[in-house]
Number of protein chains: 2
Amino acid sequence: MAGREGPRPGGRSARVQASVHAAVQALMTRMERAAITIPAIAAEAGVTPSTIYRRWGDIQELLADVAVERLKPDMVPIDTGNGGNDLLAWAEQYAEEMSSKPGREMIRDVLASQDGSGAYQCCNFTRQQIEVIAARAQLRGEGFPDVDSIMDRVVSPIMYRILFGEAPDAAHVARLVAGAMELVSPARASVDEPA
Amino acid sequence: MAGREGPRPGGRSARVQASVHAAVQALMTRMERAAITIPAIAAEAGVTPSTIYRRWGDIQELLADVAVERLKPDMVPIDTGNGGNDLLAWAEQYAEEMSSKPGREMIRDVLASQDGSGAYQCCNFTRQQIEVIAARAQLRGEGFPDVDSIMDRVVSPIMYRILFGEAPDAAHVARLVAGAMELVSPARASVDEPA
DNA sequence: TCATAAACGCAAATTATTTGCTTTTGTGAC
DNA sequence: GTCACAAAAGCAAATAATTTGCGTTTATGA
């Protein structure tokens, strides 16, 4: 990702980056996304446009950079005392946040950037949240599915529907979580095949 | 989606649309995506830039329009004589096509457009392919999962990994298909819970 | 065949982007 | 601390893209 952690983190570069990021977020509250231009951001940030062009290249990269930062989770998944419930609570909140207009815009911004590292980072943010839930479950001695399986069975369908169709409702999210948790304690299981 | 099926489908509008679409595809074979501009497309298409601006608004909408057209499936899923195998064959091909550079670019183009109808259409293309497989399975008297379940358990994880991480390999796709097919014939099932 | 309106072409005006050069400002050597 | 250096920013001119007003072409349906 462009513009992240330059070689001189304490100085002017950092100030400019912070100021530009803040300007983007400020403009986003004031106007629609499509109307935001680099000259406008530069003016808001008190910076010359060529600075932004040289550091980020184009507006997609800049918006992706800002979106990744905003998508960074700011708290630990709530602890309900049970892995399955933790996952359900987390997934409900995740689906809601990502379905919101700002959420969808941030995802779109991240995916629109040329270099895929922003998307990869976001995926890792999510994965880390789930790892926290999984680790807690393991500490309690509960069974809990692979993190990869959670990504496949819970996160992916939520994201797919947000991106390609209609946002999933609470019932659907619950069904997804149940389907994932079946991997560790199948609803109806025995020692051998019936056929 | 802008520019699709105008009110005068037989005339000049249609010719311009075809010519512009062809120009976009031609330029894509000659230069990298980021370098394609509307004036360049207009020149290639033998059209004035303002025509494109007025019909599509901006390059994202135009590229999305072209991408949707290219993502339209051009053949029926192959018939292996068995629903599960049909699904596996289809999913492998889908994963491969969508993981390719042109595939990823088309998906990105579709998702980047303002109006979400392109993404919705693409989702429907996929759904329809799966419906064909499901209908054949039903005709044969086989059990086959809900199309929605296939979207959740097979399509979504493939797409998520392509968009946010690394492309899924064949083994992973096979695992996803197996996980989906378990919905109809669980690998290990009985009449009641063990606990 | 004619009236109509949608879509296009053209060109001028505006706005965004690129680029060469200068100045500022952190950083590390001394 | 001071100085030399290089990275990043500012400025302004040049280039390129976008918007817009207006005249012209061309499907469509009466």
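Just so we're on the same page: letters track the sequence lines, and every chain starts at 1.
- Within the nucleic acid shown, B:Thr48 comes within 4.0 Å of at least one base atom, counting heavy atoms only.
- As rounded to whole Å, 14 Å separates atom C1' of D:dA17 from atom CD of B:Gln60.
- Here C:dA7 presents its P atom at 11 Å from CD of B:Gln17, a figure rounded to the nearest Å.
- Applying the 3.5 Å distance criterion, the base of C:dC10 shares a donor-acceptor pair with the side chain of B:Ser50.
- Straight-line distance from the CH2 atom of B:Trp56 to the P atom of D:dT19: 15 Å, rounded to whole Å.
- One distance of note links CZ of A:Arg127 with OH of A:Tyr120; it measures 7.5 Å at 0.5 Å rounding.
- Judged by distance alone, with hydrogens and angles left aside, A:Arg12 brings a side-chain donor or acceptor within reach of the base of D:dA8, the pair sitting under 3.5 Å.
- A salt bridge links A:Glu44 to A:Arg30: at least one charged side-chain nitrogen sits closer than 4.0 Å to a carboxylate oxygen.
- Remark: P of C:dT15 and CD1 of A:Ile36 are 18 Å apart, rounded to the nearest angstrom.
- One interatomic measurement links the two molecules: CD1 of A:Ile41 to C1' of C:dA16, which rounds to 12 Å at whole-angstrom precision.
- At a cut-off of 3.5 angstrom, the base of C:dG9 holds no donor-acceptor pair with the side chain of B:Arg55.
- Under a 4.0 Å N-O distance rule, the pair B:Asp109/B:Arg33 qualifies as a salt bridge.
- The pair A:Asp86-A:Arg140 meets the salt-bridge criterion, with a side-chain N (NZ, NE, NH1 or NH2) lying under 4.0 Å from an Asp/Glu carboxylate O.
- The 5' end of DNA chain C is approached more closely, in terms of each residue's nearest nucleotide, by B:Arg54 than by the other of A:Thr37 and B:Arg54.
- The distance between atom CG of A:Asp58 and atom C1' of C:dT18, rounded to the nearest whole Å, is 13 Å.
- Here the C1' atom of nucleotide D:dT20 and the CD1 atom of B:Ile52 are 17 Å apart, to the nearest Å.
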